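I have placed the structure first, in the form of structure tokens, so that the comments after it can refer back to it.
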Amino acid sequence: MAFAGSNHHFFTDLTQAKVDIGASAVSLNPTGERIYDNDGTYPNAVFSWPSLPASNPRVCISIRPPLWELINPLQYPALASELKHFLTAAPAGAPSLIALWHEASGDNWSCSNKTPKADCGPNKNLVCRGPGGIYSAYFASLDSQFPSQGGAAGLLTQAQVFVQKKARKLNANVLVGAIEVVSKATSSDLACTISPWMADDLDFYACDVYDSSTGTAVPADLLGVFQTVAQDHMKTGSPVIGITETNSRFPGRRPFWFASAW
């Protein structure tokens, strides 16, 4: 499958935009929306699909549920009911994509000396997890409370499989996968950073990938490495790969960046 889109807040603007390619202007015709559900609240036990335009685009949505509670539905029936309602309420059309706790790893692990970056949290003493370290406090609590379950990473991968199985049982119009951040150009470095946060045999593996601060990153290199790491999570077959966020901070490099990433 192949589709292109934008953040949910700008999707309508993008449908109305035209790009001058020299000879004429062409419409972009986006077909997908990227959504961060309940942004700013971690964790959150209420999930909802946004109102969608008439074009009924495919949705790629991130949810951030309480992980221990999610995988223990008999103990937490209200959350189990909320998850069931969410899955069965998925929009019609092409299957939407669901990820749990996108960029969970935080891309902070140093593979050379086996030490994580620990300058997040109120006291700057927590391992940085999630985009900008925003998951650090919650994930640290999971690490301390559930060491036998593998801490935050172990609970997340269990939750990914749990939601995937639940969606299939309900015949929900969704695919369940993992979204990680990719900035390392060797498979060994990337694998030790993100592999603990991605379960095996998910429906898709997607990445948020950006240009480097020096403007020297090569999308094909980064994405090729990501595909190799994702393949290692598949027991059979090839992984479905996606790009959920991408850009270059340098305007002059954006034509190269987007064309190469595509």
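Because only heavy atoms are used, hydrogens play no part in the values below, and waters and symmetry mates are left out as well, while side chains stay in. For clarity, every value in this text was computed on a predicted model and none was experimentally measured.
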Heavy-atom distance under 4.5 Å between the side chains of Asn173 and Pro91, does that happen here? no
| query | Can you check whether Leu83 reaches Pro65 side chain to side chain, under 4.5 Å on heavy atoms? | reply | no
Any side-chain heavy atom of Val229 sitting closer than 4.5 Å to one from Tyr205? no
Residues passing the side-chain hydrogen bond (donor to acceptor under 3.5 Å, both in side chains) test with Gln164, sequence neighbours excluded, are Asp203
Grouping I, L, V, M, F, W and Y whenever their side-chain heavy atoms are under 4.5 Å apart, do Val161 and Phe47 come out in a common cluster? no
When rounded to the nearest 0.5 Å, the distance separating CG of Leu97 from CG of Leu202 is 12.0 Å
Given the options Asn247, Leu223, Val181, Val209 meets side chain to side chain contact (heavy atoms under 4.5 Å, CB included) only with Leu223
> Does some side-chain heavy atom of Met234 sit less than 4.5 Å from a side-chain heavy atom of Asp201?
Replying inline: yes
Tightest non-hydrogen contact, residues Leu175 and Pro95, listed as CG-CB, 4.1 Å
Using atom types as modelled and distance alone, determine if a side-chain donor or acceptor of Ser260 lies under 3.5 Å from a backbone N or O of Trp257. no
Value for CD1 (Ile243) from CH2 (Trp262), rounded to nearest 0.5 Å, stands at 8.5 Å
Residues passing the side-chain hydrogen bond (donor to acceptor under 3.5 Å, both in side chains) test with Gln160, sequence neighbours excluded, are none
Query raised in the report: Does His233 use its side chain to pair, donor to acceptor, with the backbone of Met198 at less than 3.5 Å?
Result: yes
TODO: Kindly say whether Val127 contributes a backbone atom to a donor-acceptor pair with the side chain of Ser136 at under 3.5 angstrom?
DONE: yes
All heavy atoms of Ala140 vs all of Leu126, minimum pair found to be CB-CD2, 3.9 Å
Would you kindly confirm whether Leu67 and Ile134 end up in one hydrophobic cluster when ILVMFWY residues are joined by side chain heavy atoms under 4.5 Å apart? yes
Closest non-hydrogen contact found for Phe250 with Ser212 is CE1-O, 3.6 Å
Residues passing the ring pair (Phe, Tyr, Trp, His ring centres under 6.0 Å) test with Trp197, sequence neighbours excluded, are Phe139
If hydrophobic clusters are built by linking Ile, Leu, Val, Met, Phe, Trp and Tyr wherever their side-chain heavy atoms come under 4.5 Å apart, do Phe258 and Val218 end up in the same one?
no
Practice prompt. State whether the side chain of Gln75 and the backbone N or O of Glu69 hold a donor-acceptor pair below 3.5 Å, judged by distance alone.
Written response: no
The ring pair (Phe, Tyr, Trp, His ring centres under 6.0 Å) partners of Tyr138 (sequence neighbours excluded) come to Trp101
Value for CD1 (Ile98) from CD1 (Ile35), rounded to nearest 0.5 Å, stands at 11.0 Å
Inset, instruction - Mark yes or no for whether Thr88, through its side chain, and His85, through its backbone, hold a donor-acceptor pair below 3.5 Å. - result: yes
With side chain to side chain contact (heavy atoms under 4.5 Å, CB included) as the test, would you mind laying out the steps for Val225 and Lys184 before giving the verdict?
CA-CA 8 Å; Val225 167; Lys184 295 178 171 62; over 6 Å; no
Heavy-atom nearest pair, Pro219 first then Phe256, reads CD-CZ, 3.7 Å
Practice item. Indicate if Val46 and Leu70 have the same hydrophobic cluster label, given that clusters are the connected sets of ILVMFWY residues with side-chain heavy-atom separations under 4.5 angstrom. Key: no
The reported gap from CD in Glu103 to CD in Glu180 (rounded to nearest 0.5 angstrom) is 7.0 Å
Q. Can you check whether Asp13 reaches Ser6 side chain to side chain, under 4.5 Å on heavy atoms?
A. no
**Study point:** Donor-acceptor contact present, side-chain Asp37 to main-chain Ser48, <3.5 Å
**Key:** yes
Scanning both residues in full, the closest heavy-atom pair of Val182 with Leu222 reads CG1-O, 3.7 Å
Verdict with supporting geometry, Ile61 and Phe86, side chain to side chain contact (heavy atoms under 4.5 Å, CB included)
CA-CA 11 Å; Ile61 189 168; Phe86 175 71; 4.1 Å; yes
Given the options His8, His9, His102, Tyr36 meets ring-ring contact (aromatic ring centres under 6.0 Å, His included) only with His102
Those residues at least two apart in sequence (or on a different chain) that pass disulfide bond (SG atoms under 2.5 Å apart) with Cys207 are none
I'd like to know whether Ser195 forms a side chain to side chain contact (heavy atoms under 4.5 Å, CB included) with Asp232, so could you lay out the CA-CA distance, the side-chain angles of the two residues, the decisive distance to 0.1 Å, and finally the verdict. CA-CA 9 Å; Ser195 282; Asp232 290 341; over 6 Å; no
OG1 (Thr31) and CZ (Arg58) are apart, to the nearest 0.5 Å, by 7.5 Å
Q. Is it the case that one hydrophobic cluster holds both Tyr210 and Leu190, taking links as side-chain heavy atoms less than 4.5 Å apart, direct or via other members?
A. no
Is a donor on one side and an acceptor on the other found under 3.5 Å between the side chain of Ser96 and the backbone of Val174? no
Should we count CZ of Phe10 as having more than 12 external heavy atoms under 6.0 Å?
no
One should read off an interatomic distance between Leu87 CG and Leu170 CG, to the nearest 0.5 angstrom, of 6.0 Å
In terms of heavy-atom contacts, Ala167 and Val176 come closest through CB-CG2, 4.3 Å
Q | N/O donor-acceptor pair under 3.5 Å between Asp119 side chain and Lys124 backbone | A | no
Sequence neighbours excluded, the answer for ring pair (Phe, Tyr, Trp, His ring centres under 6.0 Å) partners of Phe146 is Trp68
Looking only at atom types and distance, does a side-chain atom of Arg129 sit under 3.5 Å from a main-chain N or O of Ser105, one as donor and one as acceptor?
yes
Please check if the side chain of Gln227 supplies one atom and the backbone of Ile241 the other of a donor-acceptor pair under 3.5 Å.
no
Exactly one candidate in Arg254, Arg249, Arg253 meets side chain to side chain donor-acceptor pair (under 3.5 Å) with Asp211; the answer is Arg253
